[in-house]
Amino acid sequence: MPTTPIPPAVTCNVAIKSFFDKQTLTPLRYLTCINGKRIFLKQDYLNHPYIQGNKLRKLKYTLLQAAESQQTIISFGGAYSNHIAALAAAGKAFNLPTVGIIRGAELADKKQWGHTLQQAHDNGMTLYFVRRNDYREKHNAPSVQTLINQHPKAIIIPEGGSNTLSLQGTAEIIQEITQQKPPTYFQQLFAACGTGGTLAGLIDGAKNHTFSGKITGIACLKGADFLAHDIQNLSQHHQAIDWHIEHNYHAGGYAKITPALRQFIEDFQAHYNIPIEPIYTGKLCHAVFDLAKHSQNHAENWLIYHSGGLQGTLSAG
Ligand SMILES: *Cc1c(COP(=O)(O)O)cnc(C)c1O
């Protein structure tokens, strides 16, 4: 991964608008055919080197709003959060102040920092470290509220970055896909799920752009029973769209890896020369290839949404 500093934007308002205006469609590439299933990949990790894939999509409208009204953006996350990394990188790239409220008071000691926190700090994010109990109760804990109050008028986005504006951004992924292939071309679309915000946006986008494929979320956390419920809360159109969550491919839990998954990732990268990581996109691709293998043999077009996350590979290792 590149480690060269990102040049600061000159005037944020104009720079950020023109950045998004100039964004080109990320490639949609054919991979292979398994058991009649022609598998394609939407290579959204190519949308930005530091604010990758779904994270840039999710932040887009918050960044535009913050730039418009010169607001600070505050969010929450753990020491390895891709969302925190992406927000800090966006702050640097677009010259916007960002604040990260991080789980774990022990991380106030810089020697405990991994790549994500170091990089967030280097990108100019103001970091606060809070005790785990306070973090869990962040909407009530006085210590957390005191930190937030130091930044009046800030935009606060939840842990993982899923809110109404983030859905608007991820819905645009479907708009792009329907520009690249007809809306009836794919019978299935697959995406990795953490909080489910990305999936909720894809569902709303499918409704708005009459995408007819079934949408499947691959749960990357173990016991993520909250997912379906949270997606129903976030998405306006969850009743109009055929979607569901697969819970059998978490490989033991968040950031866990099995030998079979490790082997799959190595083989996939060697064969296609496409980077995937073990936390989200590795599990996603592994799941789709496995589902294709066990599907009934008839012809369909399946699409995998590669949501990025390659920043996380560095911080985990
Ligand atoms: C954060 C992340 C996800 C999870 O997105 P949610 O909207 O929280 O479900 C999926 N893939 C990658 C690569 C991520 O970084």
Side-chain angles (χ1 to χ4, degrees), residues 1 26 41-62 75-90 115-116 119-120 157-174 189-205 215-222 224-235 238 243-247 249-251 253-255 265 274-288 304-316:
M1 282 303 288
T26 52
L41 188 74
K42 173 71 173 162
Q43 294 176 281
D44 220 28
Y45 62 96
L46 295 174
N47 64 353
H48 194 282
Y50 314 100
I51 322 163
Q52 264 179 8
N54 70 334
K55 295 300 183 281
L56 181 63
R57 302 278 186 175
K58 289 175 81 166
L59 285 171
K60 174 178 174 180
Y61 288 99
T62 301
S75 198
F76 306 87
Y80 301 107
S81 164
N82 285 347
H83 162 65
I84 287 293
L87 178 59
H115 173 78
T116 299
Q119 195 73 28
I157 46 184
E159 183 178 43
S162 298
N163 59 12
T164 314
L165 287 179
S166 78
L167 262 68
Q168 213 179 315
T170 49
E172 290 179 352
I173 298 162
I174 299 283
L189 168 65
F190 298 89
C193 287
T195 63
T198 300
L199 206 81
L202 293 174
I203 290 168
D204 284 359
I215 299 179
T216 299
I218 305 300
C220 296
L221 285 74
K222 187 175 171 176
D225 299 329
F226 61 87
L227 261 180
H229 179 257
D230 286 3
I231 288 166
Q232 285 164 13
N233 275 343
L234 284 165
S235 156
H238 62 90
W243 64 276
H244 89 290
I245 308 286
E246 271 292 336
H247 287 280
Y249 293 98
H250 56 66
Y254 184 75
I265 291 172
I274 290 170
I276 52 177
E277 43 69 49
I279 297 176
Y280 292 110
T281 52
K283 288 178 186 175
L284 168 67
C285 294
H286 188 222
V288 175
I304 303 174
Y305 173 66
H306 189 318
S307 41
L310 303 167
Q311 176 277 341
T313 12
L314 275 184
S315 56

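One-based numbering, in listed order, for ligands and for the atoms of each.
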Legend entry - Geometric N/O contact G196 with ligand 1, under 3.5 angstrom: yes
Legend entry - K55 backbone acceptor or donor facing Q52 side chain under 3.5 Å: no
Legend entry - Exam field: side chain T170 to backbone S166, donor-acceptor pair closer than 3.5 Å: yes
Legend entry - H83 heavy atom under 4.0 Å from ligand 1: no
Legend entry - Shortest protein contact, atom 1 (C) of ligand 1 (heavy atom only): K55 NZ, 1.5 Å
Inset, instruction - Output yes when a side-chain donor or acceptor of T216 lies under 3.5 Å from a complementary backbone atom of I245, and no otherwise. - result: no
Legend entry - Main-chain N/O of I157 paired to S75 side chain as donor or acceptor, under 3.5 Å: yes
Inset, instruction - Please work out whether any backbone atom (N, CA, C, O) or any side-chain heavy atom from C-beta onward of N82 is under 4.0 Å from ligand 1, and answer side chain, backbone, both or neither. - result: side chain
Legend entry - S81 side-chain N/O to G78 backbone N/O, donor-acceptor pair under 3.5 Å: no
Inset, instruction - Using a 4.0 Å heavy-atom cut-off, say whether N54 meets ligand 1 through its side chain, its backbone, both or neither. - result: side chain
Legend entry - Protein heavy-atom partner closest to atom 8 (O) of ligand 1 - residue, atom, separation in Å: T195 OG1, 2.6 Å
Inset, instruction - Please examine the side chains of L59 and L87, heavy atoms only from C-beta on, and report whether any two atoms are closer than 4.5 Å. - result: yes
Inset, instruction - Ignoring hydrogens and angles, tell me if any N or O in the side chain of K283 forms a donor-acceptor pair with the backbone of Y249 under 3.5 Å. - result: no
Legend entry - Q52 touching ligand 1 at heavy-atom level, < 4.0 angstrom: no
Inset, instruction - Answer yes or no: does an N/O atom from G194 fall short of 3.5 Å to an N/O atom of ligand 1? - result: yes
Inset, instruction - Examine distances only and state if a side-chain atom of N47 and a backbone atom of G53 form a donor-acceptor pair shorter than 3.5 Å. - result: yes
Inset, instruction - List every atom of ligand 1 that sits less than 4.0 Å from any heavy atom of G308, numbering the atoms from 1 in the order shown and giving each element. - result: 13 (C)
Legend entry - Residue and atom name of the nearest protein heavy atom (relative to atom 11 (N) of ligand 1), distance in Å to one decimal: S307 OG, 2.7 Å
Legend entry - Numbering as shown, the atoms of ligand 1 that approach C193 to under 4.0 Å (heavy-atom distance): 9 (O)
Inset, instruction - Go through ligand 1 atom by atom and flag the ones less than 4.0 Å from a non-hydrogen atom of K58. - result: 6 (P), 7 (O), 8 (O)
